[in-house]
Amino acid sequence: MRLLAEVHARDGYPVNWPDQPGEWLSHGPLLGSWVAELEGGLVGHVSLSQGGEGDLAPALWSERNGATPDTTAVVSRLFVAPRARGRRIGALLIGQAVEEARRRGLHPVLDVVASDTAAAALYERLGWELMATVEQQWSPHQAVTIHCYAAPS
């Protein structure tokens, strides 16, 4: 959680700091989580879960492909320590989540806030398809622009 706090302080991820960061990291119907270590220290994290309330990408992908949302897996909670960036750790973590989704016969998708341009650039470098950009109401006083991506087939 210290690493998450460091990323939040530097990059504003997550946008809204959770009341219980440990619970936030493991929230939802989790299919798996992975961490990255470098020189004995934790430097990254990613999760894979079934879609839940508020996830937009599973429904978009399903509509486009004539499937049901339960045929997708959501890649989320990806972050890498600022000191460890530029070493392909984010790509390796995403690759691990994608591999697990495919092993389960699920198609990987994700939502990312539009203001997180570095994350969106990473997904696009890895060949992820931008399916839509939508406004999502997170609270009565907070609307957020979300990019919805699907992993390459």
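Under the rule for a side-chain contact (heavy atoms from CB on, under 4.5 Å), the partners of P18 that lie at least two apart in sequence or sit in another chain are P14, P21, W24. With sequence neighbours left out, the ring-ring contact (aromatic ring centres under 6.0 Å, His included) criterion links W17 to H8. With sequence neighbours excluded, no residue forms a side-chain contact (heavy atoms from CB on, under 4.5 Å) with T117. Evaluation of the side-chain contact (heavy atoms from CB on, under 4.5 Å) rule for L60 yields M131, A132, C148 as partners, not counting sequence neighbours.
In terms of hydrophobic clustering, with Ile, Leu, Val, Met, Phe, Trp and Tyr side chains grouped at heavy-atom distances under 4.5 Å, V7 and I89 are assigned to different clusters. Linking ILVMFWY side-chain heavy atoms closer than 4.5 Å, directly or via other members, places L106 and V46 in a single hydrophobic cluster. By the criterion of side-chain heavy atoms lying less than 4.5 angstrom apart, applied directly or through intervening Ile, Leu, Val, Met, Phe, Trp or Tyr residues, L78 is grouped together with L130 in one hydrophobic cluster.
Between E129 and P152 the shortest side-chain heavy-atom distance does not fall below 4.5 Å. Side-chain atoms of Y123 and V112, non-hydrogen and from C-beta on, do get closer than 4.5 Å to each other. Within the 4.5 Å cutoff, the side chain of T145 has no heavy atoms near those of the V134 side chain. Residues L3 and L42 have side chains in contact (heavy-atom distance under 4.5 Å, counting atoms from C-beta outward).
With rounding to the nearest 0.5 Å, the separation of CZ in R85 from CG in L122 is 11.0 Å. Atoms OG and CG, from S115 and D11 in turn, are 10.5 Å apart once rounded to the nearest 0.5 Å. The distance from the CE atom of M1 to the CD atom of E6 is 14.5 Å, given to the nearest 0.5 Å. With rounding to the nearest 0.5 Å, the separation of CG in L92 from CZ in R87 is 12.0 Å. Put simply, OG on S49 and CZ on R77 are 7.5 Å apart, with the number rounded to the nearest 0.5 Å. Rounding to the nearest 0.5 angstrom, the gap separating the CD1 atom in I146 from the CG atom in D111 is 6.0 Å.
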Donor-acceptor list for residues 30-41 side chains, cut-off 3.5 Å, not counting sequence neighbours:
| from | atom 1 | to | atom 2 | distance (Å) |
| --- | --- | --- | --- | --- |
| S33 | OG | S47 | OG | 3.0 |

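Screening residues 57-82 for ring pair (Phe, Tyr, Trp, His ring centres under 6.0 Å), with sequence neighbours left out, gives H45-F79, W61-H107.
The minimum heavy-atom distance linking L126 with I94 is given by the pair CD1-CD1, 3.8 Å. For the residue pair T72 and Q50, the shortest heavy atom distance occurs at O-NE2, 3.7 Å. Nearest heavy atoms, A84 versus V43: CB-CB, 3.7 Å. When all heavy atoms are compared, the tightest approach of Q136 to G54 is NE2-O, 2.7 Å. Contact detail for P58 and G51: the closest heavy-atom pair is CG-CA, 4.2 Å. Contact detail for T68 and T71: the closest heavy-atom pair is O-OG1, 2.6 Å.
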- Message: Walk me through whether V74 and V109 qualify under side-chain contact (heavy atoms from CB on, under 4.5 Å).
- Response: CA-CA 5 Å; V74 178; V109 297; 4.1 Å; yes
- Give the intermediate values and the outcome of side-chain contact (heavy atoms from CB on, under 4.5 Å) for residues L110 and W128. CA-CA 9 Å; L110 61 84; W128 287 61; 3.4 Å; yes
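With respect to R104 and E100, a salt bridge is recorded, a charged nitrogen being found less than 4.0 Å from a carboxylate O.
Under a cut-off of 6.0 angstrom, the local environment of CD in E23 is sparse, with at most 12 non-hydrogen atoms contributed by other residues, nucleotides or ligands.
Inspection of the Q142 and N16 side chains reveals an N or O donor paired with an N or O acceptor under 3.5 Å.
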